[in-house]
Amino acid sequence: MDYTPHTEEEIREMLRRVGAASLEDLFAHLPKEILSPPIDLPEPLPEWKVLEELRRLAAQNLPAHKAFLGGGVRSHHVPPVVQALAARGEFLTAYTPYQPEVSQGVLQATFEYQTMIAELAGLEIANASMYDGATALAEGVLLALRETGRMGVLVSQGVHPEYRAVLRAYLEAVGAKLLTLPLEGGRTPLPEVGEEVGAVVVQNPNFLGALEDLGPFAEAAHGAGALFVAVADPLSLGVLKPPGAYGADIAVGDGQSLGLPMGFGGPHFGFLATKKAFVRQLPGRLVSETVDVEGRRGFILTLQAREQYIRRAKAKSNITTNAQLTALMGAMYLAALGPEGLREVALKSVEMAHKLHALLLEVPGVRPFTPKPFFNEFALALPKDPEAVRRALAERGFHGATPVPREYGENLALFAATELHEEEDLLALREALKEVLA
Amino acid sequence: MDYTPHTEEEIREMLRRVGAASLEDLFAHLPKEILSPPIDLPEPLPEWKVLEELRRLAAQNLPAHKAFLGGGVRSHHVPPVVQALAARGEFLTAYTPYQPEVSQGVLQATFEYQTMIAELAGLEIANASMYDGATALAEGVLLALRETGRMGVLVSQGVHPEYRAVLRAYLEAVGAKLLTLPLEGGRTPLPEVGEEVGAVVVQNPNFLGALEDLGPFAEAAHGAGALFVAVADPLSLGVLKPPGAYGADIAVGDGQSLGLPMGFGGPHFGFLATKKAFVRQLPGRLVSETVDVEGRRGFILTLQAREQYIRRAKAKSNITTNAQLTALMGAMYLAALGPEGLREVALKSVEMAHKLHALLLEVPGVRPFTPKPFFNEFALALPKDPEAVRRALAERGFHGATPVPREYGENLALFAATELHEEEDLLALREALKEVLA
Amino acid sequence: MSFPLIFERSRKGRRGLKLVKAVPKAEDLIPKEHLREVPPRLPEVDELTLVRHYTGLSRRQVGVDTTFYPLGSCTMKYNPKLHEEAARLFADLHPYQDPRTAQGALRLMWELGEYLKALTGMDAITLEPAAGAHGELTGILIIRAYHEDRGEGRTRRVVLVPDSAHGSNPATASMAGYQVREIPSGPEGEVDLEALKRELGPHVAALMLTNPNTLGLFERRILEISRLCKEAGVQLYYDGANLNAIMGWARPGDMGFDVVHLNLHKTFTVPHGGGGPGSGPVGVKAHLAPYLPVPLVERGEEGFYLDFDRPKSIGRVRSFYGNFLALVRAWAYIRTLGLEGLKKAAALAVLNARYLKELLKEKGYRVPYDGPSMHEFVAQPPQGFRALDLAKGLLELGFHPPTVYFPLIVKEALMVEPTETEAKETLEAFAEAMGALLKKPKEWLENAPYSTPVRRLDELRANRSPKLTYFDE
Amino acid sequence: MSFPLIFERSRKGRRGLKLVKAVPKAEDLIPKEHLREVPPRLPEVDELTLVRHYTGLSRRQVGVDTTFYPLGSCTMKYNPKLHEEAARLFADLHPYQDPRTAQGALRLMWELGEYLKALTGMDAITLEPAAGAHGELTGILIIRAYHEDRGEGRTRRVVLVPDSAHGSNPATASMAGYQVREIPSGPEGEVDLEALKRELGPHVAALMLTNPNTLGLFERRILEISRLCKEAGVQLYYDGANLNAIMGWARPGDMGFDVVHLNLHKTFTVPHGGGGPGSGPVGVKAHLAPYLPVPLVERGEEGFYLDFDRPKSIGRVRSFYGNFLALVRAWAYIRTLGLEGLKKAAALAVLNARYLKELLKEKGYRVPYDGPSMHEFVAQPPQGFRALDLAKGLLELGFHPPTVYFPLIVKEALMVEPTETEAKETLEAFAEAMGALLKKPKEWLENAPYSTPVRRLDELRANRSPKLTYFDE
């Protein structure tokens, strides 16, 4: 039950050639005290049994297809065509395209990804991907601090709380200061931007789903010599004014909404777009077009002097493995839908979220919290503990009511809708919520 | 919700070029009486909704993983590696390799398949596949009749009743005579073979799971100038003496046991192996090794003059599309397991079937029917209608008790075991059967 | 640079998948005389070698997923990836499980049958046949049973087929024990009505027609043909290979056909798989329904069930219920497109063919039967060019060639079926390539292709001394 | 013959996937000032074009599935296809669904954590980091929090790394706000103990080691190193990139490491995906457990739950719970192999490396630090050959080259890691190719490769005037 090709005879022959008496002998130079410790692992299983065990585990989960849960991940359609293409062994089992002559598939696909992300963000360039939206934000802010030479960061409370937690961990490490701008009425108030501030960060739609007007933040940031960083949902950029059009210098976000499986939170991918002027401060991989010795167009990793494996301690980031395959899936999704398809999915989600909003407000005790206009999710104030509501809904077969952290208010829960929801689904949720809150 | 690339503008442009005013206009020369009839079909759906509908239908089935059902299809492990490789778009979306220069993938894989099947059968050659085991049998018998110039066929009742039904339909069409040899004590009695008989057909293991001794049938057939046709389960050929070693002239069977999904009965594939001497009477495609103009090894469809698209009414069969992809999956399975792996799966199935046999005979009222030695399935005589037993077992979550047609006896049911069954599964079935028969 | 055979990658004792932990001894289970003495010489490879082998082979193969593939009469349209996921949902069902535990599968079959009946205008249907030719055989056996039931089995011994018919039509008729007579095509490429009239009579069991025919032309006098057949007691058989041209626009049933087979792997996007598995349902008019093979899926009060109680049935043409997983794909296709989508697909298949025909004529190709083409057309190269060489030249230019040398009534035939899923610019690029070929030096054409995994192969050698297995000397 | 960009395949108004039937009007839902004025210039393609595009791109790409890929330090072993099916089973879970409805997923995470703790000899673990370097950052942040908690945060400002370390080690230390000091390697390729002693002190926060190191050599004095670190209050960090060499045979925990990160995409067969997503769990000794990021998966009386109540935690390094679907694959791998299988895999990885080293030496390559190699080794070509040219030559001969120019302490380095899933004859064929390269004319080498989809690319041009998007002028 392993994946090694060696026959007993081959092992003997190879051992002889390398002058070892046995496989154990290959480890004979390790300190005896630590060699072959007792390790408690389950017995090996044939693959059909592994699959059975996995199916047994999977059966202990209630799948979240058509979940009404929000908070950075939503139940969207995962197109089989994207899954099938990304499963091609050449994409799946290649690594970083250090040898461009035999890696044009990954390189060109990444170049196309960069283009699509830049287009969505309304900015000039994008890197080849980051781990997720949260780390993309952290790296984006670090970029802004490097670029401005400052150490202060103003972050809207409307930025996903987990993103802010990651940002905090990254910033504290380098001694940068993080100041949070509490939401007022569900939206970010325009702050005073001090001279120590290198980055102002706002998310749109914000964590509560509300639309923010980003223009004034960009102006305020620029007025004080800071950069403006926008956190965006790429799906929303099919219809919403892109960060670049608001004057953002850096746009980041998470790619899950682009048809990626929710996967209990990952892997998805983070995107990071910015202006070409900042390219040499950009972390992560970048693919450039160039030509080969015969003048044919080709693609290649470029500006590698920014990266850790060349620049070591002076690199712009330590990132190496990023989220190539999931980013590729995001690009495939965008290509499969095109601008119209993306717009339609986004609008349908918004429409269904608004219908859901109206329906859930019919439930006694439920009060609105997220102000209009919102996008495809919103917070409601519930008359009960949202964790209990979420559980009670789950017992009725519905996934809904993402509990909102206390910092935003008491008994708040997020509800989202997507292109997968139909009127009857919304009505069914309303009835279930009525029961739960009765 | 369709797969056409045409934009409205392109359609206009193309219509103009072909001199048509509209898409309707393209059909204007069809008789008016029949044009655009009202047709009642459901409304089109976006793909996520189609998937939802299919999942809804799928949820109305009780999956048969680990089924104890026998009768020509069994619940075996379907290796993900085989599924993944066969899903490669080039294999999936090619057609008959008429252009060998760009079809070496399918052609070489088929050549390898032919080799593996010939090896399993202990015969010299095999064709590129038939639809299923039953049609492979029919075509194999027709081959024998062509080769002998006779019109009589002796068929053991131990041949799967559905295979015999298919054989009957094919033979009646050409006016051949089918004579059935009733089983005696669960095995085929050695018949007198008359001069009108062109083929003698025995299945091993037979429909009731019992092992037949094929040697005497081959002798009897050959003694009367007839050919001997053996129906075999390819998995069993990992351990059992192959038809060729018994003197069979033709071996046929169904490939499902080689790791193919049960798929409610199909698609699987049929195999047909025989002696090289009969090659020009063989129906279906054949791939041969050859060389290209530079002397490189290559593969090509050969002896096409046997086939319908060349020989038309004089072809050896009308078969064209066969079961290429499923046959490829069978070959991949054989390559993945190798001779040892195949042997192990076969033996494990046999072992578990024997344990199951002993356990089920502990259930009051159950009597043995299939004589020993049997392979990996067997018939039991039940004290109740087997259809009712099957249903009652299903209500308890078990798939077992394939009802055996009345021609074999009253209240008989088949039970099978495979490499997927563990002791606890067998015990659980025994308990369930006890309940059902109590 | 020849690609190794899996047997050449094999190493004695190497193991791939191991599915069994504790292996029982053969002798403890099976009497020795039944045991194999010599193990089969199957390849012994590890899993990575397996993956590299078949991945490598796939990279030596083209398909619709890689290349424009206008193989006439084969309808090489796009096969949606959705359908592969759909089929997976139904993979784990046993044909003999209690039908109450397979209601979803049975409902799907029943619904698909209803859809196909609606689309063809037939009264009853079987989903059992495994491919188009298999559907043909099923259909002819049904016709045979019908005539026999009426006492005309011994007199009606002839099946008529046009000279432009697929080879499977006459081969099928032979397999069903019939004599075959060819009906010539008229000057416009349609059935010669006078010739047909001469052949019709009480000795004829059936007329097999493809409509549109293999020239891509709709038989405009089909209503007259069917009337003549009816008068002569001749059953009219519809070869559905070309249904893609007219689906939703016209129905064989309305044209007067008695039997129809469909190729789900052509018209309804079941992937061709390098040559199958396909699926060939057969629809019939009410008078033939009693003869359909068993079982049929029926809807009863307690749900869907398999009906075996059909005393006049021809019996069976396949084990179990046909290529069920192919049916799932066809169901998904029909539900995705709906009637409007299917009509649009057919119309654009026709538009693509007519457009490409115009482009090729412009490039110097002739179209001998240049009527109102449907989904395909048959072109001829200018004098002096061989269809084979052009096909090989196309390979060098990155296209899969059309069907060549068929139908037989056109010399050096190039039978082109672009399908509706190809884009305008693909058709134009193909036409450019076809044009470019006519300007290539003769020698270049005769020796093409050059950069394919192998070049022209020695077919004669393969025919004279076929080597059909690795171990064959 | 350059392959079109997806944007070049785009046609205005063409549609691929349509997921919405009745499309609402934007203005009815969203105030105009929030709406996008210019649509993004995304490609407009049909589904078949999409499939041909990405299938075509994949055919211009090699991977482990196609080619021997001995990229040193990356452990390019076979990625079982089983794992892709495994991951699908868990695809449809939302991170914020009620944990009681995700007990299977949580159990899998918990079990994987237990397995990894057992294999590394650590006391607690987080599965949150998304890759190896991300794990490094997590680990160093934990060490930082530990020192700060003990009041030594301001004094311990230095992280030590060997000169042979992966670039990510110093880069990570920088990201965590540390100064980096390099420790030279001794003549045998292991850490220079005297140099290390000189550097250790109360100003040092951590020493980051890879063991076996990037020369493929096990640091034989690791117990002394860890003792020295302990004495100096320096936390010892284990870069798990090379764990494949010793898994099951020796544990970082037993060697005295305080923190370990693992690369599930190297050691535990998560596919590399062309550069991720990976997964980089971090295990720690008990004294560091309080600082692990939130949440941790814990087992309680009512089942598995996510523990957020960890006041000393460094917070978060990623949203949600890490790359969960990668964890599923690693779980499947460990359950398939068990301890014996993992030990066998490690031993054969070592055997393959040592065997290939011997073969390459025979062909004329030098191995400057020729100690008892583990899973990889670093070779040098004979005088006058450039590693780059040899790499490009290998491409022409059908192999993926080793890592070149790393580690930095070896000139013209060729860092070769064959992994345990490669067959003996593959190693031999590779060695033959490496030998053949040394006999090629200089000019051939300098201009290789020749028959790849593109040949050598102009890197300088890309660096000087990068064109990073299609719409960039």
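Quick caveat: nothing in here was measured; it's all calculated off a predicted structure. Letters A, B, ... are given to chains in the order of the sequence lines, protein chains preceding strands, and every chain is numbered from 1.
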For C/Lys467, does its backbone N or O pair with a side-chain atom of B/Ser288 as donor and acceptor, under 3.5 Å? yes

Within the supplied structure, the quantity of interest is the number of heavy atoms (other residues, nucleotides, ligands) at a distance under 6.0 Å from B/Gln60 CD; does it exceed 12? yes

Non-hydrogen atoms of B/Glu112 and C/Phe7 that approach each other most closely: O-CZ, 3.8 Å

Could you tell me how the ring of C/Phe218 sits relative to the ring of B/His29: parallel (under 30°), tilted (30 to 60°) or perpendicular (over 60°)? perpendicular

Engaged part of C/Ala250 at the chain B interface, taking heavy atoms whose separation is under 4.5 Å: both

Can you measure from OG1 (B/Thr302) to CG (C/Asn463) and round to the nearest 0.5 angstrom? 4.0 Å

Scored by heavy-atom pairs under 4.5 Å with chain B, the best of C/Leu395, C/Asn263, C/Val45 is C/Leu395

So does C/Arg60 get a backbone contact from the side chain of B/Gln104, meaning a donor-acceptor N/O pair under 3.5 Å? no

Electrostatic pair C/Lys18:B/Glu344 at N-O distance under 4.0 angstrom: no

Taking all atoms of both residues into account, what is the closest heavy-atom pair of C/Leu141 and B/Ala173, and its distance? CD2-CB, 3.4 Å

Run the numbers on C/Asn352 and B/Met14 for side chain to side chain contact (heavy atoms under 4.5 Å, CB included), then give the verdict. CA-CA 8 Å; C/Asn352 271 3; B/Met14 292 169 81; 3.1 Å; yes

As a quick check of understanding, evaluate side chain to side chain contact (heavy atoms under 4.5 Å, CB included) for C/Lys392 and B/Gln99, giving each step before the final call. CA-CA 8 Å; C/Lys392 300 308 179 189; B/Gln99 299 292 341; 2.9 Å; yes

Sub-3.5 Å donor-acceptor pair from the side chain of B/Thr4 to the main-chain atoms of C/Glu420, do we have one? no

Whether C/Arg461 side chain and B/Val291 backbone form a donor-acceptor pair below 3.5 Å: no

C/Phe90/B/Phe264 aromatic ring centres below 6.0 Å: no

Flag, side chain of C/Arg36 to backbone of B/Leu120, donor-acceptor distance under 3.5 Å: yes

Give the member of C/Arg354, C/Lys77, C/Gln103 that has the highest number of heavy-atom pairs under 4.5 Å with chain B. C/Arg354

Is C/Val51 close to chain B through its backbone or its side chain, or both, or neither, when contacts mean heavy atoms under 4.5 Å? both

Quick one: does B/Ser36's side chain get under 4.5 Å of C/Lys343's, heavy atoms only? yes

Under 3.5 Å donor-acceptor, C/Glu358 side chain and B/Val18 backbone: no

Between B/Glu419, B/Arg285, B/Arg55, B/Lys276, who has the most heavy-atom pairs with chain C when the cutoff is under 4.5 Å? B/Lys276

Does any part of the side chain of B/Pro339, heavy atoms only, come nearer than 4.5 Å to the side chain of C/Glu44, both counted from C-beta? yes

Hey, does C/Arg15 have a side-chain heavy atom less than 4.5 Å from the side chain of B/Glu340? yes

Among B/Val50, B/Val293, B/Leu92, B/Thr135, which residue has the highest count of heavy-atom pairs closer than 4.5 Å to chain C? B/Leu92

Working for side chain to side chain contact (heavy atoms under 4.5 Å, CB included), residues C/Leu89 and B/Leu51: CA-CA 9 Å; C/Leu89 297 172; B/Leu51 257 187; 4.3 Å; yes

When rounded to the nearest 0.5 Å, the distance separating OG of B/Ser103 from NE2 of C/His400 is 5.0 Å

Just wondering, do C/Glu340 and B/Asp2 contact through their side chains at under 4.5 Å, heavy atoms? no

Between B/Phe27 and C/Trp249, what is the ring plane arrangement, given parallel below 30°, perpendicular above 60°, and tilted in between? parallel

Per-residue tally against chain C (heavy atom, under 4.5 Å) across B/Leu303, B/Val174, B/Ile300 peaks at B/Leu303

Please identify, among C/Leu339, C/Asp254, C/Thr403, the residue contributing the most non-hydrogen atom pairs under 4.5 Å to chain B. C/Leu339

Chain B interface, residue from C/Val64, C/Ile246, C/Thr55 that has the most non-hydrogen pairs under 4.5 Å: C/Val64

Between C/Lys424 and B/Glu13, does the side chain to side chain contact (heavy atoms under 4.5 Å, CB included) criterion hold? Intermediate values first, please. CA-CA 10 Å; C/Lys424 179 167 169 285; B/Glu13 220 175 295; 2.9 Å; yes

Counting C-beta onward and ignoring hydrogens, is there a side-chain heavy-atom pair between C/Pro277 and B/Leu325 closer than 4.5 Å? yes

For the candidates C/Thr67, C/Asp472, C/Val180, C/Ile314, which exhibits the highest count of non-hydrogen atom pairs separated by less than 4.5 Å from chain B? C/Asp472

Supply the atom-to-atom distance B/Phe269 CZ to C/Asn323 CG, rounded to the nearest 0.5 angstrom. 13.0 Å

Could you tell me whether B/Glu387 and C/Arg100 have a side-chain N and a carboxylate O separated by less than 4.0 Å? no

Please check this pair: side chain of B/Thr115 against backbone of C/Tyr470, looking for a donor-acceptor N/O pair closer than 3.5 Å. yes

CZ (B/Arg311) with more than 12 external heavy atoms under 6.0 Å: no

Sidechain-backbone polar pair: B/Asn318 side chain, C/Ala133 backbone, donor-acceptor under 3.5 Å: yes

From CD (B/Glu162) to OH (C/Tyr96), nearest 0.5 Å: 3.5 Å

Contact leader toward chain B among C/Leu50, C/Ile334, C/Val38, C/Asn79, where contacts are heavy-atom pairs under 4.5 Å: C/Leu50

Minimum heavy-atom distance C/Phe320-B/Gly72, with the two atoms named: CZ-C, 4.3 Å

Within this structure, what is the CG-NE2 distance for the pair C/Leu19 and B/His77, rounded to the nearest 0.5 Å? 5.5 Å

Heavy-atom distance under 4.5 Å to chain B: side chain of C/Arg220, backbone, both or neither? both

Let's test your reading of the structure: which of B/Leu54, B/Asn61, B/Leu30 forms the most heavy-atom pairs below 4.5 Å with chain C? B/Asn61

Is the backbone N or O of B/Val73 less than 3.5 Å from a side-chain atom of C/His94, with the two atoms forming a donor-acceptor pair by type? yes

With a 4.5 angstrom heavy-atom cut-off, which part of B/Leu237 approaches chain C: side chain, backbone, both or neither? both

Would you mind telling me which of B/Val287, B/Thr320, B/Asp254, B/Asp213 has the largest number of heavy-atom pairs within less than 4.5 Å of chain C? B/Val287

So for B/Asn322, is it side chain, backbone, both, or neither that comes closer than 4.5 Å to the heavy atoms of chain C? both

Top contributor to chain C interface from B/Arg168, B/His160, B/Glu43 [non-hydrogen pairs under 4.5 Å]: B/His160

Would you compute the distance between atom OG1 of C/Thr469 and atom CD of B/Gln114 and round it to the nearest 0.5 angstrom? 8.5 Å

Polar side-chain atom of B/Thr290 near backbone of C/Leu457 as donor-acceptor pair, under 3.5 Å: no

Under 4.0 Å between a Lys/Arg side-chain N and an Asp/Glu carboxylate O for B/Asp292 and C/Arg455? no

Close side-chain approach of B/Gln108 and C/Gln61, heavy atoms under 4.5 Å: no

Checking heavy atoms, do the side chain of C/Arg107, its backbone, both or neither come under 4.5 Å from chain B? side chain

